[in-house]
Engineer: 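Questions regarding the structure given below will be posed in turn.
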Amino acid sequence: RQLVVPRRATDPPEVFHWLPIIGSAISYGNDPLNFFFDCQKKYGDVFTFILLGRRVTVALGPKGNNFVLGGKSTVFNAEDAYTHLTTPIFGKGVVYDVPNEVFMEQKKFVKVGLSTDNLRAYVGMIEDEIEEFINHDVNFKAYQMNDINEWGTFDTVRVMQEITILTASRTLQGREVRENLNKSFAEYYNDLDQGFTPLNFMFPNLPLESYRRRDRAHIKMSNFYVDIIKKRRTGNDDHEHDMIAALMQQKYRSGRPLTDKEIAHIMIAILMAGQHTSSATGSWALLHIAANPEIGEALYKEQVQNFTGPDGKMRPLTYEEVRNLPLLDSVIRETLRMHPPIHSIMRYVRDDVPVPATLAAPTKDGVYIVPKGNYVLASPQISQMDPAVWKDSEKWDPYRWNDSEGVAAQAFKMYLDENGEKVDYGFGAVSKGTESPYQPFGAGKHRCIGEQFAYLQLGTLISTVVRAMELKIEKVPEHNYHTMITMPKTPRNIAYRRRKFD
Ligand code: HEM
């Protein structure tokens, strides 16, 4: 429909392409980062490309991030952009299947479950799960031999995926999920996950077996959670720290409590939202630590200095401490700068929207107008990798975040505004503002609510691993952009050896 609309003089520049419907799908799909950098050189920060029949207007840089993520949700709409992908997986009545006001209430309910009290209770559980895994999983045979000269290897993504689901289910998801993880639950999860691909995003209804499996898995998964909720409603509820318990106590502003199905579907949404994002980030972090052993040693030293008990042994982590280890924090921050798991954040355009002159200079026909029916796309990864913003932007350097003045003065070159004035993004703005060059968790209304949990999960993971072993790899792999969440390409095997004898 949109392709036959004639171009208007105020349309943003369109990326040149040979193939009418396919447009730039191949360049974008293979390497969105290079595609965007190339287009930025040719067309500036705002341009439109054709993606399998859709018109997508990209807005780059901190101002582009602000334009898309700070835009009104009634005009730049997330439901219209995502529901065909997410509703078959999460289910009805939640997230993008409901009007934005309802989802915003649901986000608040989830925040209750992510309270500091709950997070505090999770640290020990996460640490336990990871230690158990290292002590028993086949990937860590060399570690289990208790010999510091024995090197082994593990595929970082496989291991991180397992650790992420183990730790998330032990904490947020609750005991019943954790107990079923090696049984039916894993199968439903895998089938649902096969429905979370770029193919499903581009083509919501293909007659493929994987789509049918996804739909069957959704029903089973939803029933699985509903059974848990029903049992809990009738029995003693001693699950005070998990998300199901928190959701069972919430009420909408209207006074209505959540239905069992709504709780079940929110639980699926949380599972999916946290799984690949955290496992990808954990993988990239371990790969970089392995490629920079001196940082592995410095992280280990940080652990020794902070956690050696009077008996000379390392004691367990606590929530407050994990949050306050500067190098550990910088390692996660820097990893998310170079490898934000989500490279494209999209919205559907419900009404014509003028592009601010400060973002794209007007032509003789006036300011550009993003036409109704297009999609808009923000890619914070572009501003996070922009050499004009960051010193040695291609270099993974956690120390760039260790800034004694408390602002990111050494973290990146000051960003210059349109008048050539320096814009100072303090740490708060760096992570929270809609106009910021650093937004791995998005910004604005749809900003991530899992950030604290993800930091805790990743911080505990990295701490536990560097305490236990040394890591080594020749080279950090390239990005694989063919999955919804950006993963490292294979091979991605990290060599490890035990740090010390028991
Ligand atoms: C939204 C990134 C972990 C739950 C987002 C968005 C990003 C993001 C970029 C914005 C999407 C948009 O604007 O369209 C990440 C990263 C994570 C992570 C990098 C880990 C390293 C988690 C976890 C949870 C979670 C662990 C759940 C516990 C959510 C939710 C939203 C969200 C509920 C809101 C979606 C919306 O309002 O439309 N995340 N996320 N995320 N994330 Fe995360």
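When a ligand or atom number is given, it counts from 1 through the structure's own listing order. Numbering of residues begins at 1 and proceeds along the displayed sequence.
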Engineer: Are any of the heavy atoms in Pro440 under 4.0 Å away from ligand 1?
Structural biologist: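 Judged by the 4.0 Å heavy-atom criterion, Pro440 does count as contacting ligand 1.
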Engineer: How far apart are the C-alpha atoms of Leu85 and Phe196, what are their side-chain angles, what is the distance that settles it, and do they pass the side chain to side chain contact (heavy atoms under 4.5 Å, CB included) test?
Structural biologist: CA-CA 7 Å; Leu85 173 73; Phe196 186 65; 3.7 Å; yes
Engineer: How far is atom 18 (C) of ligand 1 from the closest protein heavy atom, and which atom is that?
Structural biologist: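 Result for atom 18 (C) of ligand 1: Thr277 OG1, 3.5 Å.
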Engineer: Is atom CD of Glu320 surrounded by more than 12 heavy atoms (other residues, nucleotides or ligands) closer than 6.0 Å?
Structural biologist: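 Yes, because the 6.0 Å sphere around CD of Glu320 holds more than 12 heavy atoms from other groups.
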Engineer: Write out the residue and atom name of the closest protein heavy atom to atom 24 (C) of ligand 1, then the distance separating them to 0.1 Å.
Structural biologist: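 Its nearest protein heavy-atom neighbour is Gly450 CA, 3.6 Å.
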Engineer: Below 6.0 angstrom between ring centroids: does that apply to Tyr481 and His343?
Structural biologist: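 Under 6.0 Å, so yes.
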Engineer: Walk me through it: do Trp284 and Met338 pass the test side chain to side chain contact (heavy atoms under 4.5 Å, CB included)?
Structural biologist: CA-CA 9 Å; Trp284 289 113; Met338 290 184 70; over 6 Å; no
Engineer: When you compare the side chain of Leu336 with that of Pro341, does any pair of heavy atoms fall below 4.5 Å?
Structural biologist: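 Answer yes - side chains close enough.
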Engineer: Measure the distance from atom 10 (C) of ligand 1 to every protein heavy atom, then report the residue, atom name and distance (to 0.1 Å) of the closest one.
Structural biologist: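 Going atom by atom, the protein heavy atom closest to atom 10 (C) of ligand 1 ends up being His446 O, 3.5 Å.
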Engineer: Which of the atoms of ligand 1 are close to Gly442, meaning less than 4.0 Å from one of its heavy atoms?
Structural biologist: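 Ligand 1 atoms under the 4.0 Å threshold to Gly442: 9 (C).
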Engineer: Is the shortest distance from a Lys or Arg side-chain nitrogen in Lys183 or Glu187 to a carboxylate oxygen in the other one below 4.0 Å?
Structural biologist: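 Judged by the 4.0 Å cut-off on N to carboxylate O distance, Lys183 and Glu187 do not form a salt bridge.
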Engineer: Take Leu52 and Phe201, measure what side chain to side chain contact (heavy atoms under 4.5 Å, CB included) needs, and give me the verdict at the end.
Structural biologist: CA-CA 11 Å; Leu52 301 173; Phe201 182 69; over 6 Å; no
Engineer: Looking only at protein heavy atoms, which one is nearest to atom 26 (C) of ligand 1, and what is the separation?
Structural biologist: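 Ranking protein heavy atoms by distance from atom 26 (C) of ligand 1, first comes Gly274 CA, 3.5 Å.
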Engineer: For ligand 1, which part of Gln457 has a heavy atom less than 4.0 Å away: the side chain, the backbone, both, or neither?
Structural biologist: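 Within the 4.0 Å criterion, Gln457 makes no contact with ligand 1.
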Engineer: Starting from atom 28 (C) of ligand 1, find the nearest protein heavy-atom neighbour and note its residue, name and distance.
Structural biologist: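 For atom 28 (C) of ligand 1, the nearest protein heavy atom is Ile270 CG2, 3.7 Å.
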Engineer: Return the residue, atom name and 0.1 Å-rounded distance of the protein heavy atom closest to atom 30 (C) of ligand 1.
Structural biologist: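 Of every protein heavy atom, Ile449 CG1, 3.9 Å lies nearest to atom 30 (C) of ligand 1.
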Engineer: So, applying side chain to side chain contact (heavy atoms under 4.5 Å, CB included) with Leu258, which one of His265, Lys251, Gln250 is it?
Structural biologist: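 Only match with Leu258 under side chain to side chain contact (heavy atoms under 4.5 Å, CB included): Gln250.
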Engineer: Which protein heavy atom lies closest to atom 42 (N) of ligand 1, and at what distance to 0.1 Å?
Structural biologist: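 Heavy-atom neighbour on the protein nearest atom 42 (N) of ligand 1: Cys448 SG, 3.2 Å.
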Engineer: Does Arg120, at its CZ atom, have more than 12 non-hydrogen atoms belonging to other residues, nucleotides or ligands within less than 6.0 Å?
Structural biologist: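 Buried by this count: over 12 neighbours within 6.0 Å.
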Engineer: Looking at ligand 1, is there an atom of it that comes within less than 4.0 Å of some heavy atom belonging to Pro341?
Structural biologist: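 Contact check Pro341 vs ligand 1: positive.
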Engineer: Working to the nearest 0.5 angstrom, can you tell me the gap between Leu192 CG and Ile268 CD1?
Structural biologist: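 The CG atom of Leu192 sits 6.0 Å away from the CD1 atom of Ile268.
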Engineer: A side-chain contact here means heavy atoms from C-beta on lying under 4.5 Å apart; do Val95 and Thr83 qualify?
Structural biologist: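 No; the side chains remain at least 4.5 Å from each other.
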Engineer: Does ligand 1 have any atom sitting under 4.0 Å from a heavy atom of Tyr455?
Structural biologist: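 The answer is no, since Tyr455 has no heavy atom less than 4.0 Å from ligand 1.
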Engineer: Is it the side chain, the backbone, both or neither of Ala454 that has a heavy atom closer than 4.0 Å to ligand 1?
Structural biologist: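 Just the side chain.
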Engineer: Could you name the option among Ser344, Pro340, Ala273 that has the heavy atom nearest to atom 25 (C) of ligand 1?
Structural biologist: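 Minimum heavy-atom distance to atom 25 (C) of ligand 1 goes to Ala273.
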Engineer: Check whether more than 12 heavy atoms from other residues, nucleotides or ligands sit under 6.0 Å from atom CD of Glu131, and answer yes or no.
Structural biologist: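 Yes, CD of Glu131 has more than 12 neighbouring heavy atoms, counting only those of other groups under 6.0 Å.
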Engineer: Please verify whether a non-hydrogen atom of Arg347 lies at under 4.0 Å from ligand 1.
Structural biologist: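 A heavy atom of Arg347 does come that close to ligand 1.
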Engineer: Below the 3.5 angstrom mark, is there an N/O of Lys445, backbone or side chain, next to an N/O of ligand 1?
Structural biologist: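 No.
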Engineer: Near Tyr96, which atoms of ligand 1 are under 4.0 Å from a heavy atom of that residue?
Structural biologist: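 With Tyr96 as reference, the close atoms of ligand 1 come out as 35 (C), 36 (C), 38 (O).
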Engineer: Provide, to 0.1 Å, the distance between atom 21 (C) of ligand 1 and the closest protein heavy atom, together with that atom's residue and name.
Structural biologist: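 So the nearest neighbour among protein heavy atoms is Thr281 OG1, 3.5 Å.
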Engineer: Going by the atom numbers of ligand 1, which of them fall below 4.0 Å from some non-hydrogen atom of Ile342?
Structural biologist: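 Counting atoms of ligand 1 from 1, those under 4.0 Å from Ile342 are 2 (C), 7 (C), 8 (C), 9 (C).
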